[in-house]
Amino acid sequence: MLDAKLFRSELEQTAARLKQTRNYSLDVAQLDQLEQQRKALQVRTESLQAERNASAKSVGQAKARGEDISDLLASVNDLGDQLEAAKAELNDVQETLHSIIAGVPNIPDSGVPLGADENENQEISRWGQPRQFDFVIKDHVDVAQGLQNGMNFDQGVKLAGARFVVLQGQIARLHRALSQFMLDLHTEQHGYSEAYVPYLVNQDTLFGTGQLPKFGEDLFHVQGATENATALSLIPTAEVPLTNLWRDEIADEAQLPLQYAAHTPCFRSEAGSHGRDTRGLIRQHQFDKVELVCLTRPEDSMNALETLTGHAERVLQLLELPYRKVLLCTGDMGFGSCKTYDLEVWIPSQEKYREISSCSNMGDFQARRMQARFRRKGANKPELMHTLNGSGLAVGRTLVALLENFQQADGSVSIPAALQPYLAGKAQLSAG
RNA sequence: GGAGAGAUGGCAGAGUCCGGUUUAAUGCACCUGACUUGAAAUCAGGCGUGGUUUUGCGACCACCGGGGGUUCGAAUCCCUCUCUCUCCGCCA
């Protein structure tokens, strides 16, 4: 959520900036009118409340002195009705305002290139060389089929439906090894503290990170067993529970930066993705991810984004997977982000780099929604922190990249050295 | 699943029966100042969050788990939801 002040004192500039960067149209006239109503109604409501408080107090005092209070009561008779009406009106206006403001995306950092869509993203760097194969390569689905059919989409369909998979045998083991490897790397070498978190979260939590109110259709919602059970939703990323750890909390400045890593499944409805990436493991309703979250002081967040992205890159480097780092343009960035790097891994069968990590600095956008704050040493007012998150990495897609990039002519798959300890020292998965 | 008890400011903890100078006592923590070479101790003062309004000082409003109600007035009474704890039952 943007600072409400931007909609009051800098409405025109804010609208222009949102249009320029996000192609987001703010109804300036409507907002301006609502804001004027809000102001008038709020002043009126509060002065009525003050009046009510004062009269209630004098009633109390008169009564304490044993005086007759019927005159006093008569004089405040219609106050309640007036107040109630004013409150109701104010409430309406504020709800309308809030619902508009809660749906406005973050304003990108000035360093982010302007652009309409992914075609105008900026490649920052490349690491590694896509391998030259001297045989006809298979995609990961066929590679896995050669490995005792360890990736079974028919079984996924049978058990759950389209975009679900069952992994078995050495593929399942590889999948587990990858997440363990990533989590160990980040906790042991990059200073993240490991967390195990709920996979189902409530609506406040989803609002905090920005999934609600606008993106509810991207989630799976779970109806509790009882009629009025709390509405819960499956997390689309561990960013949601991890960042919300500090919702409605005030950290000491010395506690920052806070760094959390968690390995969780992620659930996405993929509404609107029909027909995209239908083959293979690239786009599933359920996938595992090791997520990194960092909470910082405002002045530290841009550096922290570089550091955090570096941590995700380190996974790819250790796994010897060629990738490129892309700075997303304003039009391609997520709703709450002010700056995002995507890491894209080389997928040989597609001869393309595909997203495997997205690292974002959300600025104070999420922190304002969830009132995640910190107090500077000596300062009295708490201040919003900045929140960052990044995949380190998406496990399923890493599995895909590994199978494809390290496939051998005989159908086996070699294992990068860094990962071998997690596979009982095996240097390859053998076909058969 | 059954029975009971609770939820108060960063923490602890009074107030709730019997609604009214309680915009919440007190203690701890924290901040400022005094004393001290410095620190500790002591003393004095300050010290919640959000919001509105104001050039500023300030004034005002809301918040005692969430929501609703009764009332001139609610931390206090009523309804409801959520959560926590204790005991019993069941259980990975």
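Letters A, B, ... are given to chains in the order of the sequence lines, protein chains preceding strands, and every chain is numbered from 1.
- One can place CD of A:Glu84 at 7 Å from P of B:G69, the figure rounded to the nearest angstrom.
- Judged by Watson-Crick or G-U wobble contacts below 3.5 Å, the nucleotide B:U32 has B:A44 as its partner.
- Partner assigned to B:G38 is none, using Watson-Crick or G-U wobble distances below 3.5 angstrom.
- Taking atom P on both nucleotides, B:G4 is separated from B:U76 by 23 Å, rounded to a whole Å.
- When Watson-Crick and G-U wobble pairs are counted only if both distances are under 3.5 Å, B:U76 pairs with no nucleotide at all.
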Polar atom pairs between nucleotides 51-56 of chain B and protein, under 3.5 Å, N or O only, would you list them?
residue: B:G51; atom: O2'; partner: A:Gln42; partner atom: NE2; Å: 3.0
residue: B:G51; atom: N2; partner: A:Glu46; partner atom: OE1; Å: 3.2
residue: B:U52; atom: OP1; partner: A:Arg8; partner atom: NH1; Å: 2.0
residue: B:U52; atom: OP1; partner: A:Arg8; partner atom: NH2; Å: 2.9
residue: B:U52; atom: O4'; partner: A:Gln42; partner atom: NE2; Å: 3.1
residue: B:U52; atom: O3'; partner: A:Arg38; partner atom: NH2; Å: 3.0

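- In a base pair of the Watson-Crick type (N1 to N3 plus N6-O4 or O6-N4) or a G-U wobble (N1-O2 and O6-N3), with each distance short of 3.5 Å, B:G50 is matched with B:C61.
- Residues A:Ser337 and A:Thr340 have side chains that bring a donor and an acceptor to within less than 3.5 angstrom of each other.
- Under the 6.0 Å cut-off for aromatic ring centres, A:Tyr192 and A:His311 qualify, their centroids lying closer than that.
- Residue-level contact check: A:Arg368 touches neither bases nor backbone, having no heavy atom under 4.0 Å from any strand.
- Less than 6.0 angstrom separates the ring centroid of A:Phe335 from the ring centroid of A:Phe215.
- Residue A:Arg44 places no side-chain N or O under 4.0 Å from the OP1 or OP2 atom of B:C60.
- Under the rule for a side chain to side chain donor-acceptor pair (under 3.5 Å), the partners of A:Gln211 that lie at least two apart in sequence or sit in another chain are A:Thr209.
- Not counting sequence neighbours, the partners of A:Arg279 by the salt bridge (Lys or Arg N to Asp or Glu O under 4.0 Å) test are A:Asp139, A:Asp142.
- If you check the side chains of A:Lys339 and A:Ser360, you find no donor sitting under 3.5 Å from an acceptor.
- Nucleotide B:A5 forms a Watson-Crick or G-U wobble pair with B:U84, both donor-acceptor distances falling under 3.5 Å.
- Straight-line distance from the CD atom of A:Gln61 to the C1' atom of B:U22: 14 Å, rounded to whole Å.
- Rounded to an integer number of Å, the gap from A:Asp252 CG to B:C31 P is 11 Å.
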So which protein nitrogen or oxygen atoms get under 3.5 Å of nucleotides 62-66 of chain B's nitrogens or oxygens?
residue: B:A62; atom: OP1; partner: A:Arg52; partner atom: NH2; Å: 2.7
residue: B:A62; atom: OP2; partner: A:Asn53; partner atom: ND2; Å: 3.3

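- When ring centroids are compared, A:Phe220 and A:His285 come within the 6.0 Å threshold.
- Comparing the same atom, C1', in B:C17 and in B:G89 gives a spacing of 34 Å after rounding to whole Å.
- Applying the salt bridge (charged side-chain N to carboxylate O under 4.0 Å, His left out) rule to pairs touching residues 249-274 of chain A yields A:Glu253-A:Arg297, A:Glu253-A:Arg376, A:Glu270-A:Arg283, sequence neighbours excluded.
- Under the rule for a ring pair (Phe, Tyr, Trp, His ring centres under 6.0 Å), the partners of A:Phe181 that lie at least two apart in sequence or sit in another chain are A:Tyr422.
- A 3.5 Å limit on both hydrogen-bonding distances identifies no Watson-Crick or G-U partner for B:G19.
- Between B:A59 and B:U36, the two C1' atoms lie 42 Å apart (nearest whole Å).
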